[in-house]
*Asks:* 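Dropping a structure here in structure tokens format, bear with me for questions.
Residue numbers start from 1 in every chain, and the chains themselves are labelled A, B, ... in the order their sequence lines are given, proteins ahead of strands. It should be emphasised that the depicted structure is a prediction, and the values quoted were computed from it without experimental measurement.
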Amino acid sequence: MSRQGGQVLHFHLRLFQCLGFHGLPLPGDGDPSGWRRRMRAWGLFLLLALSGLVLVCLFSDEEFLYQEDMFGRVNDALKYVFAELAVLAIYLETVTSQRDLANFWYLHFRLSSRMMEAGSLRREFRQYRRFIITLYGLILCELIMFVVMWWIQPINKQFLLFWTTYEPLVVLTYLRNIQFILHMELLRQQLAQLEQELRLLAEYSRFACSGTGRSFPGFETFLQRRLLQKQRVYNGVWEMYRSFQGAFNYSILTVLLSINIRIAVDCYFMYYTIYNNVSNIDYFLIIPAVLEIPAFVYASQSCMVHVPRIAYQLHNIVPSSGSCSYPDLSLQIQNFSLQLLHQPISINCMGLTVLDCSFLTRIACSVGTYMIYTIQFMPKFSAPYV
Amino acid sequence: MSPNTWVIEMPTEKSRSRPYPQRISPYGVHHPSRDAFTRTRDPPTAATPTKIVDHPVFEDIRTIMSVLKASGLMPIYEQVSDYEVGPPTKTNEFYSFFVRGVVHALTLFNIYSLFTPISAQLFYSYRETDNVNQWIELLLCILTYTLTVFVCARNTKSMLRIMNEILQLDEEVRRQFGANLNENFGFSVKFLVGIAVSQTYIIILKIYAVKGEITPTSYVLLAFYAIQNGLTATYIVFASALLKIVYIRFHFINQLLNGYTYGQQQKPKQKRNHNGHFRAALMDNFPEDSLFIYRMHNKLLRIYKGINDCCNLILVSFLGYSFYTVTTNCYNLFVQITAKGMISPNILQWCFAWLCMHVSLLALLSRSCGLTTREANATAQILARVYAKAKEYQNIIDKFLTKSIKQEVQFTAYGFFAIDNSTLFKIFSAVTTYLVILIQFKQLEDSKVDDSIPAQT
Amino acid sequence: MFRPSGSGLRQKLVSLTLKAALLGSWILGIFPFTFDSWTRKLHRSKWLMIYGVLVNAGLVALILCNDTEAESQERMEVFRRNPLAEQINGVHDILSLMMVSFMLFRAYWKSGDIERILNEQMDLNHRHFRHYPLEEWCSFDKFVLYKGLSIVLELASMLLLELGMSPNYNRQLFLGVTSLCLVLLGVLLGVSHFHFAVVYVYRYVWTVNRELLRLVNELAAGRTVEASRVDYLLSLYNRLLDINGRLVKVYDYQMVWVMVNFLSANIMSIYFFIIFVISLKKEIDVKLLTIIPQTLIVNVFDFSLSIAVCDLAERTGKQTSTILKLFNDIENLDEKVARSISDFSLFCSHRRLRFSHCGLFFVNYEMGFRMTITSFMYLLFLIQFDFWNL
Amino acid sequence: MPSSEPEVQPLLQQFQQLFFISKIAGILPQDLEKFRSRNVLEKSRSGMVYMMVTLVVYVMFYNLLIYSFGEEDRSLKATQSTLTFVIGLFLTYIGLIMMGTDQLTALRNQGKLGELYERIRLADERLFKEKCVLDNSCIGRRIRIMLIMTVLFELSILVATYIKLVDYTQWMSVLWVMSAVPTFINTLDKIWFAVSLYALKERFEAINATLEELVMTHEKFKIWLRGESDNTTSLDSSQPPQYDSNLEYLYKELGGLDLGSMGKGSVAGSGKNKVAPVAHSMNSFGESIETASDKFPRNQMSSNLVYESELANVSKVEEKLNNLCQVHDEICEIGKAMNELWSYPILSLMAYGFLIFTAQLYFLYCATQTQPIPSLFRSAKNPLITVIVLSYTSGKCVYLIYLSWKTSLASKRTGITLHKCGVVADDNLLYEIVNHLSLKLLNHSVDFSACGFFTLDMETLYGVSGGITSYLIILIQFNLAAQQAKEAIQTFSSLNDTAGLVGSVTEMDNGSSTLHDLVSTTMLTPTTG
């Protein structure tokens with residue numbers, strides 16, 4: 001094993017570094033302070049460049065925005081503004097919240113030393129498969145959409161300008177989203193590992209207590225030690241979760257918001273274009289955006305469902321074997337489960353809403369409501385503008 | 001049937017088997033003014049099983065009880081002793097049956113006349129939407145009242161059981177602390193008067209609104225309509241009065257527990273009405289007190305659930321009915337206000353009367369439910385404030401706390417939604433939404449009218 | 001586990017219903033297991049699966065090839081009046097077809113898990129719950145009976161609808177209707193498997209509750225109880241929750257599909273009715289007045305039943321912790337017993353018996369209430385669009 | 001406890017200028033002299049009289065303002081759609097209602113306010129006895145910042161509106177100044193609430209910090225016992241050094257936390273946690289310097305037997321933990337009491353925020369469509385002023401919500417740190433204590449709610465924002481419908497069937513979810529699992 005954390009992880013972290021999302025030096029490159037300074041400068045530079053781009057697009061008399069009528073223009077402006085918001089939040093957060101990120105990675109490497117050492121590349125691929133599938137699948141989807149677009153759509157100047165300027169922002173938000181997914185995936189691995197170990201403990205205790213003589217004298221203290229270690233590990237994982245929240249709170253909000261806004265606006269615009277027989281079909285491009293949010297939510301959900309399972313495995317440990325019972329062990333178990341009660345893992349963007357699957361329904365709902373409201377006065381409303 | 005209907009026989013027997021030593025209540029020694037169920041006699045002799053006629057049980061909600069009894073919603077129970085009520089006698093039972101039968105017959109007649117032009121003159125319309133609204137409102141009212149009667153007829157026994165449990169609990173409290181739990185339930189009487197007034201007012205408005213000669217059938221219909229509304233409302237008031245009773249009990253044990261909290265231990269100065277020698281003997285009689293409190297808490301929870309089960313369906317239908325009424329009346333108000341020209345004061349008064357009655361009822365219901373629920377859940381929080389050096393005390397405390405993690409009770413309307421203070425808020429925000437949709441309908445009609453005019457010309 | 005749990009008529013009916021459901025699903029090939037009575041285990045059989053695939057494919061093909069509901073003139077008028085209705089109808093048809101295929105696919109794909117779950121349930125039943133007296137499961141019996149009744153009613157209402165609405169009777173129609181009904185029966189049975197399993201879980205949890213109550217009563221009567229009984233109950237509860245979780249995970253997609261489908265069916269029927277009666281100013285004849293409402297009522301009944309089952313189980317799970325509270329007021333409780341009780345209650349505070357379909361929503365009365373309001377407003381908006389089209 | 005009387009300095013000392021200003025503005029009836037002399041809030045009759053007078057004066061002038069600016073409104077009613085008029089009429093008085101609520105509530109609980117701060121002081125003394133020292137200096141800074149921001153906002157809105165939108169030729173226009181009074185008074189009142197809330201949050205965090213310190217010192221003690229000089233524990237010994245060195249470096253640079261105390265690092269990372277170092281304790285209270293300063297070098301030397309006696313012997317720790325939990329509970333109670341005191345003002349503030357936010361945006365829309373709007377909302381005619389007003393109004397509400405959310409988070413964190421203590425020094429007796437206390441802590445609840453109608457946390461914010469958006473859209477839709485109803489539409493009948501067609505398609509996609517959301521937005525319940 002060449003580097004800590006494996007090559008796949010290293011590669012992708014490097015990728016995020018190049019995008020200016022990951023403001024930390026990687027293992028193996030020296031002069032951390034210099035790295036950090038360079039990272040900061042790079043992030044700020046990107047931020048300024050993109051903001052300048054957006055400002056130009058918004059206020060120049062070139063036809064970046066949709067020209068034919070009012071609605072198209074307003075929609076495109078909305079998209080730009082929210083993408084700009086997202087980019088702003090992303091880079092500012094990268095620059096400011098480096099300490100939480102460092103904390104996260106530190107804890108990750110500290111804890112993952114107990115997980116299986118990923119030796120070969122294939123195993124690493126298997127380890128990070130969810131993340132890799134999401135990343136490359138989404139990128140591929142985006143590319144295919146674009147190719148199809150260029151194919152079908154008769155290209156005019158506005159179209160070209162708009163997409164060449166807007167697409168980078170979109171891609172940035174997507175990649176940031178995928179970075180969240182990577183971090184949550186790491187969290188999930190830790191939790192799954194912990195659950196696995198607890199299950200082993202439970203089975204072992206059951207096995208030892210089922211038979212009469214198998215529980216050797218030091219059995220109770222042994223189990224207690226193990227449980228204690230698990231408690232420490234869970235505490236570490238919880239700290240990881242906290243620093244994840246600290247590292248990514250604003251940008252989660254803004255990225256999800258911008259994607260959401262884009263979906264809503266484009267659905268509406270799709271209806272509008274169909275209804276006015278405007279001949280462009282670039283609303284097909286929202287399909288990857290529609291895929292983004294479920295990917296995020298699925299990752300967070302799969303990471304959140306582990307805590308009750310851990311509690312379940314914990315309570316599977318039998319603190320008493322038929323005749324003799326272990327008060328201290330059950331004490332430890334109670335302590336652990338109280339700790340679990342105190343430290344729930346619920347991924348939420350700044351406490352606004354918990355990002356589990358019910359969030360999906362809520363998003364669909366909100367988009368739907370606003371669609372209905374807007375559509376209901378569409379036929380009257382569009383009359384003056386068309 | 002859920003298992004925990006046949007469990008709770010156990011603790012009562014135990015408590016009968018082993019009475020506790022007399023102790024001082026957190027409310028202080030009882031002064032005869034706030035005496036629960038017997039007006040003149042003092043507690044020690046109160047537990048005599050002889051039947052006393054002139055000290056009726058539940059006399060603090062006597063008026064509303066009598067109304068409900070007269071209308072056959074409550075059984076006319078016999079009072080066995082001061083702490084027990086028996087099933088009604090044959091004649092009273094027959095009377096209740098008779099009343100219910102009359103009510104159902106009237107309901108049938110009412111529905112029949114709704115679908116026939118007999119009642120045409122009562123329910124005239126301003127525009128067709130309002131007409132539909134009014135019909136639906138009437139049907140809802142009939143449905144609610146019929147449901148109330150049915151449910152009450154079915155729940156007679158459980159109602160008696162709940163009352164008996166409350167009485168037993170009071171007996172225990174009395175035996176332990178000589179405390180008499182009651183407050184004045186003046187609000188029930190006030191609400192009764194208010195309901196009656198608003199109903200009569202509405203009838204009068206209706207009669208004035210009707211053009212032409214009024215047939216006797218429509219008089220009957222109006223009267224019955226008013227009676228239905230009034231009795232449903234009365235039942236709601238009764239339910240909230242019951243909840244208030246439970247709330248007082250919960251509050252009692254919380255106060256009792258509050259005497260042990262560290263705040264009381266530390267503060268030398270008086271806080272909340274505890275008298276001095278109560279804190280002197282602190283903590284050493286904590287164990288049996290805690291046992292008593294836990295048992296009381298379990299029983300109270302059971303009573304709470306029992307009340308909830310009894311008036312589940314009624315609450316649901318009533319909430320739906322009043323929600324609908326509030327919405328339609330707000331809509332009518334809006335129409336009246338924004339209409340150019342024709343603003344009839346009659347309709348305005350009518351809407352206001354309805355709104356006042358229903359909003360006040362909703363507020364009362366949600367408030368009493370919220371209070372009781374909060375008090376029931378507060379026990380664990382107060383217990384968490386009891387700090388004890390000794391290990392066994394800590395175990396006693398842990399025992400309760402462990403079982404009350406994430407186990408908040410709720411007063412639900414048939415599991416559909418929880419009823420507490422926030423319910424009022426939700427209902428009103430829902431009213432706004434539906435109002436918006438209704439107004440949209442109205443505007444659609446108007447715009448259609450506008451379109452049709454140029455189309456014809 | 002299907003044997004009659006008692007001697008009374010109701011128990012006989014229950015066992016009859018269960019057997020009928022089992023038999024029907026065997027015949028329709030959606031229950032691809034064979035029961036080995038010696039080892040008391042289910043085994044998955046390839047042949048049954050293939051048979052089921054063939055049967056259902058044939059049925060679907062039959063439906064598609066002679067679908068005659070197009071030329072019923074009421075529908076035509078409705079569609080002529082507003083095209084939205086036609087689109088909704090088309091979407092709904094496609095949706096339901098996809099639902100059928102998806103359900104079968106899921107049932108075969110997950111059959112391994114289903115087999116394991118059922119085996120474990122039978123094992124639990126045989127090893128632990130057999131010894132408990134089996135009299136007063138009134139709500140268990142009630143729900144099983146209701147479920148069977150609802151299936152029968154669904155079929156009847158489907159027949160009534162198809163035969164009543166169609167103008168001309170011919171062979172093709174009968175073929176289509178019968179195949180349609182068979183497919184519907186398959187879907188209903190597939191759903192009912194889940195509900196039966198849930199009802200069984202409910203019954204076991206109920207038994208655990210009752211055992212806990214018995215312990216409380218013994219303690220209250222002054223007798224002593226050894227802690228191992230509590231631990232035993234805890235382990236049973238554990239396993240039940242585990243089974244429940246796996247069960248929900250296997251069935252959640254189907255259940256979501258079916259719920260959405262039935263809900264939309266309800267709304268659609270109301271919608272058509274309203275268009276037809278009110279805004280089309282048709283005179284209401286008896287046929288119409290009987291057919292559409294009865295389908296509606298039956299649908300609502302089935303839907304509410306499917307919610308009520310889950311809610312019942314959930315409430316029973318809640319009762320466990322309330323029963324645990326009863327251990328509070330027992331003085332001089334044994335150390336071990338107290339410890340195991342507190343373990344139990346901690347476990348209850350962590351996990352409880354809930355049915356959440358792919359994390360989207362929990363199935364209980366609250367959700368049902370929300371869905372009702374939702375569908376009502378949906379109806380409102382549809383009618384609003386109908387107004388637009390005037 | 002008179003001994004510790006001089007050491008702990010009451011919180012109210014920081015409130016000097018705030019109290020002075022609000023006394024002048026007539027928000028608090030309490031006695032000025034007593035406050036200045038002994039930092040206590042006591043009820044005074046003259047203050048009450050003064051307040052009543054101010055209240056009456058405000059109401060009178062405000063009505064005068066409405067009247068004098070209202071004549072174009074009366075002419076408005078004919079032209080404009082009735083809905084806008086009704087909304088405007090209703091919105092005109094909500095500010096006044098809010099101000100009245102604030103002042104009357106302040107009158108009602110003038111006695112209780114003093115008790116509240118007295119309780120806070122007692123809690124501080126107990127905290128100080130537990131050697132967890134916290135400084136109130138930053139609270140004073142906060143108050144000043146808030147005051148300055150309030151004045152800035154108010155002045156900018158007022159002046160900008162006055163100059164741009166009010167014709168200041170006629171002398172009546174001077175009355176426009178009155179339009180700023182209700183919001184100003186309300187903001188001052190809310191500053192009291194916010195700062196006290198912040199103080200509570202600091203108390204919680206001080207408790208957490210002391211627990212964390214226990215943990216850290218014990219870790220150091222154990223490391224020292226193990227005789228390891230470097231800080232690498234057994235868990236991360238297997239890593240290649242260079243990564244560790246990187247991150248070690250990062251930690252040194254990013255604010256000096258080391259392996260023992262991950263939690264402390266992350267807490268300090270959130271940057272709000274102040275266990276008083278010497279400097280603070282110096283400006284905070286006088287004699288406590290030597291206690292602090294003889295307490296402080298202990299932290300420096302990584303190991304000695306003092307720490308052994310901290311977490312190693314159970315009895316002392318039990319005493320300390322017990323006291324900390326009691327203080328925690330006491331602070332929770334104070335929070336509840338505070339919520340009680342301010343419940344109606346907060347409710348009115350939230351209603352005001354919701355309505356004004358929606359109305360301002362709606363009138364902005366109306367102004368862009370060049371429709372007449374009520375004259376009190378003339379600030380909506382200028383987008384820039386609108387932005388300022390919106391940020392001011394929403395800033396108030398959101399900051400309160402955010403602060404209460406943070407406070408409840410801090411209070412929940414105590415249990416976690418408590419468990420850390422238990423885990424670090426694993427000892428069965430300590431485990432029993434920790435279980436007992438954490439059970440207690442699970443039952444301590446600080447949730448701030450507005451009269452029990454809704455709790456003040458971020459989820460409410462989510463629901464409220466959804467509500468604002470939907471109602472805004474509905475209003476605009478009404479407005480459009482009204483506009484359309486004015487002008488005759490011929491194309492309507494030809495358009496609508498296609499509209500129905502395509503509309504139906506799109507509506508089919510998200511229909512069923514839509515209405516669910518309608519319900520869930522109107523019932524402000526984020527669907528709780």
*Asks:* Looking at C:Tyr146, I'd like to know if its OH atom is crowded, meaning that more than 12 non-hydrogen atoms belonging to other residues, nucleotides or ligands lie closer than 6.0 Å.
*Replies:*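 No, OH of C:Tyr146 has 12 or fewer neighbouring heavy atoms, counting only those of other groups under 6.0 Å.
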
*Asks:* At a heavy-atom separation under 4.5 Å, does C:Phe376 approach chain B through its side chain, its backbone, both, or neither?
*Replies:*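 The side chain, not the backbone.
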
*Asks:* Please classify the contact of C:Arg352 with chain B as side chain, backbone, both or neither, using a heavy-atom distance under 4.5 Å.
*Replies:*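 The side chain, not the backbone.
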
*Asks:* So that I can tick it off, tell me whether B:Asp309 and B:Lys305 are bridged by a salt bridge, with the cut-off set at under 4.0 angstrom between side-chain N and carboxylate O.
*Replies:*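 Not counted as a salt bridge, because no side-chain N and carboxylate O are separated by less than 4.0 Å.
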
*Asks:* Could you pull out all residues at least two apart from C:Asp302 that satisfy salt bridge (Lys or Arg N to Asp or Glu O under 4.0 Å)?
*Replies:*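 For C:Asp302 the salt bridge (Lys or Arg N to Asp or Glu O under 4.0 Å) partners, ignoring immediate neighbours, are C:Lys147.
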
*Asks:* I'd like to know if C:Glu218 and C:Arg214 make a salt bridge, using a cut-off of under 4.0 Å between side-chain N and carboxylate O.
*Replies:*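 Salt bridge between C:Glu218 and C:Arg214, a charged N being under 4.0 Å from a carboxylate O: no.
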
*Asks:* For B:Ser158, give me all partners under side chain to side chain contact (heavy atoms under 4.5 Å, CB included), at least two apart in sequence or on another chain.
*Replies:*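 B:Asn155, B:Arg161, B:Cys310.
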
*Asks:* Specify which of B:His297, B:Gln407, B:Glu392, B:Met296 makes the most heavy-atom pairs with chain C at under 4.5 Å.
*Replies:*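 Highest number of pairs under 4.5 Å: B:Gln407.
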
*Asks:* Which residue out of C:Phe327, C:Phe344, C:Tyr365 racks up the most heavy-atom pairs below 4.5 Å with chain B?
*Replies:*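 Of the candidates given, the most pairs with chain B belong to C:Tyr365.
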
*Asks:* Can you tell which part of B:Leu301 gets under 4.5 Å to a heavy atom of chain C, answering side chain, backbone, both or neither?
*Replies:*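 Contact with chain C: side chain only.
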
*Asks:* For C:Asn328, is it the side chain, the backbone, both, or neither that has a heavy atom closer than 4.5 Å to a heavy atom of chain B?
*Replies:*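 For C:Asn328, the contact with chain B is made by backbone and side chain together.
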
